[in-house]
Amino acid sequence: MDIIIRDSYEEMSKYAAGKIAEFIRKKPDCVLGLATGSTPLGTYRELVRMHKEEGLDFSEVRTFNLDEYFGIGIDLEIPYNQDQSYARFMYEELLKHINIKEENVHVPDGRTKDPEKYCAWYEDEIKRVGGIDLQLLGIGRDGHWAFNEPGSSLASRTRIQALAKETLDDNYESFYKNAGIARDQMPHFAITMGVGTILEARNIMMIASGKKKADVIAKAIEGPVTSQITASAIQLHPGGVMVVLDREAAACLANRDYYIYAEKIKKQYSL
Ligand code: GLP
């Protein structure tokens, strides 16, 4: 695991976006797994900047989003809608600003009437394109990856998940409240890639920022692997794993000094 610590949210976001851009430049038709939440906003802003100012080309890139609220979701052909779907979030914050092809974008469809069949199809689609090259992830305050709430099997696949109270509270504050939507109107379920699905991505990048994530980041990276903190499954990933944090999110890491040293010395030896 490469644990990268940067002073601020902006620097963390620039680092994360820089790594994603490296992937795209090396493999222009790479498959990216994308995440929502407030944490990736800076990363997406920086990717948009690189597209506009440096010509970062998304024309062959394929994307799969981690999750979507169940019961809502928009057709990407209808670009703007008042709902708080993750599809709309992705469109507003990233997709409409870059030259990605609509047919290469996948966000789980929260309106599906047959979730079981749909979730199996989503898994098949990921396989059909050869799997995810790089999966971007945040972390919920209860340690969840995507919407894999505590107790999700570490081998779980794409499915419907009931949302935990803490998750509903956080996501209500960040997104629904501002839109003037009542708390009980917020969806209480989501379609989410499973932990097992996520672990199949060839590379994983988890990002976190701010004091309120410090405790759960330490548990996920340095604590026991447990289904109670599904992001702790990061410790099981066999391939390229990067955790990119700002100083506040790294505050509770017992081995923080080692991680900082390891990054420096690897750079020194060009490793
Ligand atoms: C939601 C998303 C997660 C995300 C989490 C954290 O629950 N499903 O993928 O990691 O929010 O969000 P934030 O970055 O706003 O703290």
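Indexing begins at 1, ligand by ligand and atom by atom, following the structure's order. These figures come from a predicted structure and were not determined experimentally. In what follows, residues are counted from 1 in the order of the sequence shown.
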From CA spacing to verdict: side-chain hydrogen bond (donor to acceptor under 3.5 Å, both in side chains), S13, E46: CA-CA 7 Å; S13 303; E46 179 63 10; over 6 Å; no
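Considering E11, E263, E248 in turn, E263 is the only one that fulfils the salt bridge (Lys or Arg N to Asp or Glu O under 4.0 Å) rule with R6. Of the candidates H144, R159, Q228, S152 forms a side chain to side chain donor-acceptor pair (under 3.5 Å) with just one, namely R159. Checked options W145, Y122, F147; the residue passing with M193 is Y122 (criterion: side chain to side chain contact (heavy atoms under 4.5 Å, CB included)).
The shortest contact between atom 14 (O) of ligand 1 and any protein heavy atom is with T39 OG1, 2.5 Å. Of the protein's non-hydrogen atoms, the one nearest atom 11 (O) of ligand 1 is N171 OD1, 3.8 Å. At the top of the distance list for atom 12 (O) of ligand 1, counting protein heavy atoms only, stands G37 CA, 3.9 Å. Protein heavy atom at the shortest distance from atom 6 (C) of ligand 1 is I139 O, 3.5 Å. Given atom 5 (C) of ligand 1, the protein heavy atom at minimum distance is H144 NE2, 3.8 Å. Remark: minimum distance from atom 15 (O) of ligand 1 to any protein heavy atom is reached at S38 OG, 2.6 Å. What sits closest to atom 4 (C) of ligand 1 on the protein, heavy atoms only, is T36 O, 3.9 Å.
Not a single heavy atom of K212 sits under 4.0 Å from any atom of ligand 1. Taking 4.0 Å as the cut-off, A146 counts as a neighbour of ligand 1 on heavy-atom distance. Proximity of Y86 to ligand 1 is established by a heavy-atom distance of less than 4.0 Å. Heavy-atom distances between K213 and ligand 1 reach below 4.0 Å in at least one pair.
At under 3.5 Å, not a single nitrogen or oxygen of T167, backbone or side chain, sits near a nitrogen or oxygen of ligand 1.
Atoms of ligand 1 lying under 4.0 Å from any heavy atom of F147, numbered from 1 in the order shown and given with element: 1 (C), 7 (O), 8 (N).
In plain terms, the two heavy atoms of T36 and M90 that are nearest each other are CG2-SD, 3.8 Å.
Using a 4.5 Å heavy-atom cutoff, the side chains of I24 and L32 are in contact. Contact annotation: the side chain of F89 approaches that of L41 to within less than 4.5 Å [non-hydrogen atoms, C-beta and beyond]. The shortest distance between side-chain heavy atoms of L245 and M12 does not fall below 4.5 Å.
Residue-level proximity to ligand 1 for D67 is carried by the side chain, the only part with a heavy atom below 4.0 angstrom. Residue contacts with ligand 1 for R141 are absent, since no atom lies close enough (heavy atoms, distance under 4.0 Å).
Using a 30° and 60° split on the angle between ring planes, Y86 and Y69 fall in the tilted class, from 30° to 60°.
Salt bridge present: K101 and E60 bring a charged side-chain N and a carboxylate O closer than 4.0 Å.
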